[in-house]
Amino acid sequence: MGRLLLSFFLLVAAAGCAAPALRDQAPSSFANPVLDSDFPDPAVLSAADGTYYVYATQGEVDGTMLNIQVARSSDLINWTRIGDALPAKPVWASRTQDFWAPHVAEHDGVYYLYYSAKPDAALTDTGRGLCLAVATARRPEGPFADIGRPLQCGEGFVNIDPMSYDDPATGRRLLYWGSGFGPIKVQELAADRISFAPGSRPVDLVPIVRSDDASEYQRLVEGAWITRRDGYYYLFYSGDNCCGPNAHYAVMVARSRNATGPFETLAQATGAPSSVILEWRGNWLAPGHNSVVEDEAGNHWMLYHAVDIRRPRAKPENDVNTRRVMLIDRIVWRDGWPRIEGDGPSTGPRPAPITAR
């Protein structure tokens with residue numbers, strides 16, 4: 001009997017020691033939002049060590065303006081904000097505060113941050129618009145340092161929302177970008193990844209739809225993100241008005257057999273009335289500017305921002321529909337096209353991504 005009691009107490013003690021480990025396991029479910037703070041234009045990076053990073057447009061945190069926001073997670077659900085990925089402004093944009101829509105990619109131990117910024121020259125020359133920019137770091141969280149010059153500038157906000165992508169079929173390094181009532185574009189990057197390839201030219205991929213119809217999302221296109229699956233390149237993009245009193249935003253999709261097109265939209269391919277796969281539902285207004293990541297089980301997940309109509313401002317003095325929080329939902333595939341599980345921003349508990357911890 002003594003040995004039985006001793007064995008029983010040892011088992012109880014072992015179970016008690018194991019309890020904290022169980023709490024560290026990846027969550028089995030989640031509910032949106034997964035980051036309930038102003039965190040626009042989220043771009044996710046799956047790091048080699050199994051950690052996920054997500055980068056966002058500038059934002060104020062505890063009274064301090066962060067140029068490029070960054071958060072970290074081990075499960076895609078529980079996120080910890082870890083500061084400013086670009087703490088020092090570039091020399092050519094040191095007096096402005098427009099740092100938008102970052103994307104980070106890693107190559108040979110170097111992390112490349114592609115983003116948009118307003119140059120100082122725009123403060124005195126109203127003809128100057130935003131620029132595409134590049135910064136580098138040795139760690140995914142930064143600090144990133146700008147290369148000292150913009151990659152490309154132009155009028156208005158045409159040169160925003162960059163996304164870099166290495167084409168596995170051709171080995172070409174590509175940069176997608178675009179907005180400002182122009183098309184989504186792509187152009188080849190040079191081997192240094194901080195300049196365009198000599199002799200390369202931008203290729204137009206997805207045009208705008210010229211329309212006076214206020215329900216047409218494709219009157220403006222932006223926020224390009226490329227994912228390859230089953231021989232197709234899927235180009236996710238958003239439009240038409242991200243935020244503010246007239247917020248009207250959604251995610252659309254097109255696909256191609258080649259990374260540089262030509263792309264066929266969902267509407268063109270299927271005869272659907274639009275190419276929209278994610279739009280306003282319930283409390284989640286103007287969802288969009290997404291990124292895509294694959295979990296350990298091979299499921300695709302979309303991270304995106306949306307306005308919570310119950311709290312549409314970060315501060316009382318802010319414009320309405322400017323507090324954009326981060327959501328995540330699973331992508332399902334139907335007849336060769338991506339859809340959002342449940343056909344819209346989810347509410348209530350959903351099964352969580354499968355991740356290793």
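In Trp301, the CH2 atom is crowded: over 12 heavy atoms of neighbouring residues, nucleotides or ligands sit closer than 6.0 Å. Residue Arg128 places its CZ atom among 12 or fewer non-hydrogen atoms of other residues, nucleotides or ligands, all under 6.0 Å distant. The number of heavy-atom neighbours closer than 6.0 Å to NZ of Lys118, taken from other residues, nucleotides and ligands shown, is 12 or below. Counting heavy-atom neighbours within 6.0 Å of Glu60 CD, excluding the residue itself, gives a total above 12.
Rounding to the nearest 0.5 angstrom, the gap separating the CG atom in Leu220 from the CZ atom in Phe157 is 5.5 Å. Here CD1 of Ile354 is found 13.0 Å from CD of Glu294. Values are rounded to the nearest 0.5 Å. Distance CG/Asn32 to CD1/Ile77: 7.5 Å, rounded to 0.5 Å. Atom OH in Tyr115 sits 15.5 Å away from atom CG in Asp41 (nearest 0.5 Å).
Considering every non-hydrogen atom in both Ser73 and Thr51, the closest pair reads O-CG2, 3.5 Å. Residues Ile309 and Leu285 share a closest heavy-atom pair of CG2-CB, 3.7 Å. Shown here for Leu132 and Leu175, the closest heavy-atom pair between the two residues is CD1-CD2, 4.2 Å. For the pair Gln218 and Glu216, the tightest heavy-atom approach, listed with the atom from each and the gap, is N-OE2, 2.9 Å. Considering all non-hydrogen atoms of both residues, Ala101 and His289 come closest at CB-CE1, 3.8 Å.
A donor-acceptor pair shorter than 3.5 Å cannot be found between the side chains of Ser116 and Asp161. Glu141 and Tyr111 share no donor-acceptor pair across their side chains, judged by distance under 3.5 Å alone. Between Thr322 and Asp319, the side chains place no donor N or O within less than 3.5 Å of an acceptor N or O (distance only, hydrogens not considered). For the residue pair Asp84 / Gln58, no side-chain donor-acceptor distance below 3.5 Å is found, with atom types taken as modelled. Inspection of the Asn258 and Ser256 side chains reveals no N or O donor paired with an N or O acceptor under 3.5 Å.
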Original post:
Can you check side-chain contact (heavy atoms from CB on, under 4.5 Å) on Tyr217 and His248, steps first, answer last?
Top reply: CA-CA 7 Å; Tyr217 287 107; His248 178 252; 3.3 Å; yes
Subject >> Worked verdict on Val110 versus Tyr112 for side-chain contact (heavy atoms from CB on, under 4.5 Å) >> reply: CA-CA 6 Å; Val110 178; Tyr112 296 82; 3.6 Å; yes
**OP:** Go through the steps for Arg330 and Arg350 under the test side-chain contact (heavy atoms from CB on, under 4.5 Å), then give the verdict.
**Re:** CA-CA 9 Å; Arg330 184 182 172 187; Arg350 292 291 179 99; over 6 Å; no
Subject >> Asp120 vs Ser94, side-chain hydrogen bond (donor to acceptor under 3.5 Å, both in side chains): CA-CA, chis, key distance, verdict >> reply: CA-CA 7 Å; Asp120 290 340; Ser94 62; 3.1 Å; yes
**OP:** Test salt bridge (Lys or Arg N to Asp or Glu O under 4.0 Å) on Arg72 and Asp49 and set out the steps.
**Re:** CA-CA 12 Å; Arg72 179 168 52 205; Asp49 65 357; over 6 Å; no
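Note on ring orientation: taking the six-membered ring where Trp is involved, the planes of His305 and Tyr249 are parallel (angle under 30°, cut-offs 30° and 60°). Between Trp225 and His103, the ring-plane angle classifies as perpendicular under the 30° and 60° cut-offs. Trp177 and Phe196 have tilted rings, their planes meeting at an angle from 30° to 60° on a 0 to 90° scale. Using bins of under 30°, 30° to 60° and over 60° for the plane-to-plane angle, the ring pair Tyr234/Tyr232 lands in the tilted bin.
Hydrophobic cluster membership differs between Phe30 and Val325, with clusters built from Ile, Leu, Val, Met, Phe, Trp and Tyr side chains linked at under 4.5 angstrom. Clustering ILVMFWY residues whenever any of their side-chain heavy atoms sit less than 4.5 angstrom apart, transitively, puts Leu76 in a cluster other than the one holding Val292.
Residues Ile340 and Ile331 form a side-chain contact, since some pair of their non-hydrogen atoms from C-beta on lies under 4.5 Å apart. Using a 4.5 Å cut-off on side-chain heavy atoms (C-beta onward), Lys89 and Arg95 make no contact.
The existence of a salt bridge linking Arg193 and Asp166 is confirmed by a sub-4.0 Å separation between a basic side-chain nitrogen and an acidic carboxylate oxygen. Here Asp36 pairs with Arg323 in a salt bridge; the nearest charged N to carboxylate O distance falls below 4.0 Å. The residues Arg255 and Asp335 are annotated as not salt-bridged, no charged nitrogen and carboxylate oxygen being separated by less than 4.0 angstrom.
With Trp284 as the aromatic partner, Arg311 does not meet the cation-pi criteria of under 6.0 angstrom to the ring centre and within 45 degrees of the ring axis. Under the 6.0 Å distance and 45° angle rule, Arg173 does not count as a cation-pi partner of Tyr165.
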